[in-house]
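Before any comments, here is the structure.
Letters A, B, ... mirror the listed sequences (proteins, then strands); counts begin at 1.
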Amino acid sequence: MTNRYLSIEQVDMTFHTKGGASNVLKGIDLSVARGEYISIIGHSGCGKSTLLNIIAGLTESTSGAVILDGKEVNAPGPDRSVVFQNHSLLPWLTVYENVALAVNKTCARTKSKAERHAWILKNLEMVGMSHALDKRPAEISGGMKQRVGIARALAMEPKVLLLDEPFGALDALTRAHLQEEVMRIQDELGNTVIMITHDVDEAVLLSDRIVMLTNGPSARIGEVLDIDLPRPRNRITLADDPAYNRYRQEVLRFLYEKQRKVERLAERRDNPQPTKARA
Amino acid sequence: MSVSSSTDSPRRPLPGWSPNLHRLRGTLIHNVLPPAIIIAVLGAIWEILCSSPGAALPPPSQVISDTWELIVNPFYDYGGNDKGMGWQILASLERVAYGYLLAVVAGISLGVLVGQSTWAMRGLDPVFQVLRTVPPLAWLPISLAGFQDSTPSAIFVIFITAIWPIIINTSVGVRNIPEDYRNVARVLRLNGAEYFTRIMLPAAAPYIFSGLRIGVGLSWLAIVAAEMLIGGVGIGFFIWDAWNASMISDIVLALIYVGIVGFFLDRMVAYIGNRVTRGTAKG
């Protein structure tokens with residue numbers, strides 16, 4: 001890779017818990033070019049979300065470094081905006097206000113008030129949400145919430161857009177629809193994207209490269225697969241495409257033959273439920 | 001259940017009834033009639049029980065005739081403590097307002113501190129847990145000793161009674177702010193003040209308001225007892241004074257006033273809470 005826009009270098013992650021230390025990620029090395037769409041795929045619990053959080057700066061890696069555009073990442077920031085799995089819109093703000101919060105915070109110096117207003121509207125229009133500006137998150141569907149989440153992330157004009165299983169909580173039809181929207185937006189804006197997913201079709205359809213993680217603990221990059229399919233891609237014509245199916249098969253083989261998931265119930269940790277207070 | 005909502009029922013409104021009137025009639029029947037019937041029945045039982053000669057307490061008919069002056073003229077002022085019920089209630093409400101508002105400000109601030117800082121929680125929580133079990137009136141002598149005056153002492157008792165549920169609920173609300181909202185704030189790089197106003201307060205608002213509602217109820221409970229001891233104008237001392245003068249009917253009337261005012265205080269805070277936290281439910 002000649003253009004190392006984002007590079008992840010020898011990232012290790014060890015969590016220290018009461019039960020002792022658990023090594024989640026081991027020696028992750030990855031270079032991403034500007035404008036590249038990368039998917040990180042792996043079984044649940046392998047640490048792919050942890051990796052995304054490290055890139056976002058939300059979690060600090062135990063060792064190693066993340067370098068974006070020549071600068072080391074050590075805190076979260078709007079240059080690496082995240083689309084969270086559960087949309088994470090603020091329920092007390094309207095659709096417009098949710099995006100406005102991000103835009104007014106990140107573009108306060110670069111844009112005038114009128115420009116910011118236009119920019120908010122433009123981003124919401126791009127995801128097809130112009131009709132619901134004054135609705136609150138509770139009043140719109142799950143797919144729409146995720147659209148707003150994407151608009152909020154895009155509106156920050158990030159250097160890297162981080163998608164944490166963005167379509168995981170959606171039904172199949174909505175998911176397909178949103179995947180196409182993301183492809184269209186990606187063609188239009190040429191963003192650098194890193195997407196976490198466990199959906200093989202989604203990874204092959206959207207990505208330029210698929211990074212496959214081995215099972216944890218101590219997950220490593222098992223294989224990297226270049227997806228050399230012309231864009232724009234169409235899921236219906238690709239369904240009969242031998243190259244597409246070969247890529248799919250390779251990912252499936254990695255996930256279900258080389259890295260078969262063995263459920264270990266004993267390792268599941270119980271999360272204490274937050275308790276409500278009464279006085 | 002077939003009569004529960006008149007708006008979407010396929011039945012046509014009665015001729016001569018506009019839909020609005022029709023709906024109003026529905027509300028009256030469904031919300032006003034049941035409590036009215038229950039109150040009438042309870043009043044009748046009370047009347048029967050206390051009508052026998054030699055009954056210790058007056059029946060409702062006698063309460064009304066005894067206190068008719070007080071009922072029809074709530075805002076007379078003959079100087080000193082001899083004031084109408086309206087003034088008595090307002091004097092109590094004024095003390096509650098001061099004490100409660102102080103408790104709101106201090107309680108939310110301390111609650112945020114305890115909710116945000118693990119160290120503050122470890123240090124302060126045991127202190128709060130012990131102090132909040134002290135009954136309101138037990139604070140009165142020590143505050144009289146401290147303030148050397150009855151009015152600030154009463155206000156302090158209200159303050160110290162109302163503050164605990166506010167602190168505790170606020171701190172739980174702050175601690176329960178979903179990690180996602182914190183992450184959004186971190187990605188946006190919100191500063192402390194922005195985080196406080198844009199994320200923390202709205203996210204914790206349902207908890208804060210449940211604390212505020214408990215607090216206002218406790219304040220009103222405490223004011224009556226505190227005023228009995230400090231004297232002066234106020235509904236609490238009015239009750240005590242009536243007891244000393246053996247005017248049982250006045251006490252009954254005062255209790256009804258206290259109950260109704262307490263009910264409205266609770267509803268008021270609940271209403272404000274509903275307005276403010278509208279939309280903070282999980283989206």
Side-chain angles (χ1 to χ4, degrees), chain A residues 49 52-53 55-59 75-95 97-108 134-142 144-145 148-149 152-153 155-156 158 161-162 164 271 273-279, chain B residues 107 111 114-115 125 128-129 132-133 161-191 194-195 197-208 210-215 217-218 276-283:
Chain A
S49 283
L52 191 89
N53 284 343
I55 301 169
L58 293 167
T59 309
D79 58 339
R80 283 152 287 122
S81 61
V82 186
V83 175
F84 297 94
Q85 181 177 8
N86 55 357
H87 65 79
S88 292
L89 299 180
L90 302 176
W92 51 88
L93 299 181
T94 63
V95 163
E97 289 166 339
N98 262 290
V99 180
L101 180 67
V103 169
N104 291 338
K105 183 62 192 167
T106 54
C107 312
D134 296 322
K135 291 251 177 17
R136 285 172 200 275
E139 297 166 332
I140 58 178
S141 71
M144 292 186 189
K145 285 177 213 170
V148 180
R152 177 173 65 182
M156 296 183 226
L161 181 63
L162 303 171
D164 188 1
N271 290 322
Q273 292 289 315
T275 46
K276 287 203 171 184
R278 298 229 100 211
Chain B
V114 171
D125 196 56
F128 292 162
Q129 295 299 341
R132 79 185 177 94
T133 64
T161 307
I163 196 170
W164 310 117
I166 300 176
I167 292 177
I168 290 166
N169 280 276
T170 303
S171 70
V172 172
V174 170
R175 236 174 288 150
N176 280 352
I177 294 173
E179 194 60 31
D180 298 328
Y181 300 167
R182 292 182 198 272
N183 283 343
V184 169
R186 289 174 67 197
V187 170
L188 292 179
R189 293 212 178 121
L190 297 186
N191 62 33
E194 287 165 335
Y195 179 71
T197 55
R198 305 306 297 268
I199 308 274
M200 187 193 284
L201 279 188
Y207 288 90
I208 295 175
S210 93
L212 293 182
R213 209 172 151 187
I214 299 168
L218 290 181
V276 172
T277 63
R278 192 182 41 173
T280 55
K282 241 183 149 21

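Remark: A:Glu139 pairs with no residue by the salt bridge (charged side-chain N to carboxylate O under 4.0 Å, His left out) rule, at least two apart or across chains. Residues forming a salt bridge (charged side-chain N to carboxylate O under 4.0 Å, His left out) with B:Arg213 (at least two apart in sequence, or on another chain): B:Asp266.
Contact annotation for B:Ile167: neither backbone nor side-chain heavy atoms come within less than 4.5 Å of a heavy atom of chain A. Residue contact with chain B, scored on non-hydrogen atoms closer than 4.5 Å, involves the backbone and the side chain of A:Ala102 alike. Of the two parts of A:Arg152, only the side chain, counted from C-beta on, holds a non-hydrogen atom closer than 4.5 Å to a non-hydrogen atom of chain B. For chain A, no part of B:Leu218 is nearby; none of its heavy atoms comes within less than 4.5 Å.
Looking at every heavy atom in both residues, B:Gly215 comes nearest to B:Ala162 through O-CB, 3.6 Å.
For the residue pair A:Asp134 / A:Thr94, no side-chain donor-acceptor distance below 3.5 Å is found, with atom types taken as modelled. One side chain, A:Ser88 or A:Asn86, offers a donor N or O that lies under 3.5 Å from an acceptor on the other.
Contact count versus chain B (heavy atoms, under 4.5 Å) is highest, among A:Asp79, A:Val82, A:Leu89, A:Leu101, for A:Leu101. When B:Glu194, B:Arg186, B:Arg198 are compared by the number of non-hydrogen pairs under 4.5 Å with chain A, B:Arg186 comes out ahead.
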